[in-house]
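A quick note: this is a predicted structure, and the numbers were derived from the prediction, not measured. Hydrogens, waters and symmetry mates are skipped; everything else that's a heavy atom, side chains included, is used. Chain letters run A, B, ... following the sequence lines, proteins first and then strands; every chain starts at 1.
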There are 2 protein chains.
Amino acid sequence: MGREGEEFSLLLELLKLLSESEKITPTIAERELGLTREEYETLVSVLKKYFMLREEKDTVILYRGDNLKALHPWGWNYVYRIIVGSTMNMARKFPPWSVVIAEYQVYGKGRHGKTWIGSLGGLWVTYKIRLQAHLAQFLPIAVPVLLTRILGEQFKMNALIKWPNDIVVKDKKLAGILVEAEASGSDMMGYIGLGVNINNDPPLETATSLKELIGSLVPRNRVCSKLTGWISRIDKLVEKPELLRLEYLEKLSTLGKRVRIMVKDGEIVGNATSISELGELIVETASGSVKVSSSEALKVIHLD
Amino acid sequence: MGREGEEFSLLLELLKLLSESEKITPTIAERELGLTREEYETLVSVLKKYFMLREEKDTVILYRGDNLKALHPWGWNYVYRIIVGSTMNMARKFPPWSVVIAEYQVYGKGRHGKTWIGSLGGLWVTYKIRLQAHLAQFLPIAVPVLLTRILGEQFKMNALIKWPNDIVVKDKKLAGILVEAEASGSDMMGYIGLGVNINNDPPLETATSLKELIGSLVPRNRVCSKLTGWISRIDKLVEKPELLRLEYLEKLSTLGKRVRIMVKDGEIVGNATSISELGELIVETASGSVKVSSSEALKVIHLD
């Protein structure tokens, strides 16, 4: 595409029409967006790489199972947008038990302000929940565990956790998790941000997508429904924190690995041996044992 | 702006909110678009260059006279969009006496497929009208004349016509005109496309804007209302074609000038001496008199 920025905006408009009516024709594209047939076909051919579209004569139809707008998660306040700054930030203005999903995040952030490369066809979602303060501490353990479970059950993926926030398959990043919490009276407001590479093309060599792993486009609503279901019952998941912790450690690919961890003023190199009660990674270095918290770790590299 | 394409899309979303409710606050921007205050302020500072915004405490207000969405041209079917391929193409799907306006055209075309550089803050409009076949031939003369009249009356601009399709002030392009017509029974369907540099920043040295000429932002609806009024009565304007032709010739800056005209297989250089009945430019070249039609002329350069 030549003038990428402008065409990208048009692509999002086309996606908006598709998500609203689940179909589009050259006539609708001409009427609503002033596109010639050729311009329309070029844009549709781009969308086809990232969304489950099928063609019936002149009509392009978005498969309902891949239409995030069509989701109506039971018991949740559902907010769907085509493009936002970030779902994490947007969720702040909504009540607890809101799900905020956007097709595209311009300022979507992972930890420490690093940019999440959120491309078309991925799942970019923030769940805002309210829970008892003593349960909130388990979210950073519970969320990666439930995501690996879903990937295993639904797609037979052997998904592992790369400390602290990534889900990896075959050592490549498939998802990122961002958990934040703030006090709300005697309870906590938890923000669970997830970026899952489903049908998008992550531009990094070190990342992969379900589309790439499976070899075909995947209906995103399947992942999203399962996620929402699990998060609705997250208090059940954290009821037995010892079991949860065991499962977490079992799936933690970082353990036993030699790691290089970038921190603010340098790096820590050593063997990752365990996780503290507070979720810090314990690294045996040449100069002794070091505890690294997830907020300190800017980047974690597995050296073997 | 760093990632221009993505941020441009967000900018258009913000403009959409502004045009719909004529105001925006950091809270609305957070709720609707997931923007932090800082992101919001950066985007608003960009919009301020192209749209008449004023601030009251935390609220940014779009001046109604610059809100094209607020126009309700009497007797016209009004179609307003934020971003389209081209208004010219979009107008085809609407009945005659439709006005199609977009804040941004991605594939907006001048003659011969050249790209119009349509930036934010300009007026990009297509009027679709029905008129008697014998009147349609005068549109290429009538439209530039009425636009120069409006610029003179409203802004005291000495606007001239650069053959065949440009309106210039101080030898710089202020507007482009594209007229197309198609038979519709015994009548003609006329498409009058106009691109007027009002508050946008045309990226070419050879172009200017009302903003630049006047030194401040101009309420676009003033230009658009006048245009619509004149085009509503365009049959009156072409009732006396001789007078119209005189006014056209009077304002035609190309006449008497030495010109270089790019055509498909070369160029024509000579003195522009007159206009034929059919609107062709008559050029006296070293090898004799040549008639050039507007459809042949790819580019016209005034050499003095």
Side-chain angles (χ1 to χ4, degrees), chain A residues 1-16 25-40 42-43 79 81-95 98 100-109 113 115 117-120 124 126 193, chain B residues 1-16 25-40 42-43 79 81-95 98 100-109 113 115 117-120 124 126 193:
Chain A
M1 303 209 292
R3 284 160 297 151
E4 281 186 30
E6 305 164 87
E7 290 192 326
F8 182 71
S9 301
L10 261 185
L11 204 67
L12 294 184
E13 291 293 320
L14 204 56
L15 181 57
K16 189 179 291 180
T25 64
T27 304
I28 296 171
E30 186 170 15
R31 186 184 165 94
E32 296 302 316
L33 295 176
L35 296 176
T36 65
R37 188 162 187 131
E38 197 188 338
E39 290 156 2
Y40 163 78
T42 303
L43 293 174
V79 182
R81 293 284 189 280
I82 297 294
I83 180 169
V84 300
S86 82
T87 57
M88 211 68 181
N89 197 49
M90 198 158 161
R92 300 199 195 284
K93 279 284 173 286
F94 289 93
S98 288
V100 179
I101 291 186
E103 294 289 355
Y104 208 87
Q105 296 189 94
V106 174
Y107 305 113
K109 283 178 188 67
T115 303
I117 297 143
S119 328
L120 292 178
W124 320 108
T126 294
Chain B
M1 301 208 293
R3 285 159 296 150
E4 282 186 29
E6 305 164 87
E7 290 192 325
F8 183 71
S9 302
L10 262 185
L11 204 66
L12 294 184
E13 291 292 321
L14 204 55
L15 180 57
K16 189 178 289 177
T25 62
T27 305
I28 296 171
E30 185 169 16
R31 187 184 163 95
E32 296 302 316
L33 295 177
L35 297 176
T36 65
R37 188 160 189 133
E38 196 188 340
E39 290 156 2
Y40 163 78
T42 303
L43 293 174
V79 182
R81 294 283 190 281
I82 297 294
I83 180 168
V84 301
S86 83
T87 58
M88 210 69 180
N89 196 50
M90 198 159 162
R92 301 198 195 285
K93 279 284 173 285
F94 289 93
S98 287
V100 179
I101 291 186
E103 294 289 355
Y104 208 89
Q105 296 189 93
V106 174
Y107 304 113
K109 281 177 191 65
T115 302
I117 298 144
S119 327
L120 292 178
W124 321 108
T126 294

Sidechain N-carboxylate O distance under 4.0 Å for E32(B), R81(A): yes
Tightest non-hydrogen contact, residues L10(B) and V84(A), listed as CD2-C, 3.9 Å
Heavy atoms, side chains only, cut-off 4.5 Å: are S9(B) and Y104(A) in contact? no
dist E13(B):CD -> E13(A):CD (nearest 0.5 Å) comes out at 6.5 Å
pair M90(B)-L33(A): side-chain heavy atoms closer than 4.5 Å: no
Portion of T27(B) that has a non-hydrogen atom of chain A nearer than 4.5 angstrom: both
Contacting region of E30(B) [heavy-atom separation from chain A under 4.5 Å]: both
Region of I83(B) that comes under 4.5 Å of a non-hydrogen atom in chain A: both
Non-hydrogen atoms of E7(B) and Y107(A) that approach each other most closely: OE2-OH, 2.7 Å
Got a second to check how far N89(A)'s CG is from E39(B)'s CD, nearest 0.5 Å? 6.5 Å
In Å and rounded to the nearest 0.5 Å, what is the OG1 to CE distance from T36(A) to M88(B)? 14.0 Å
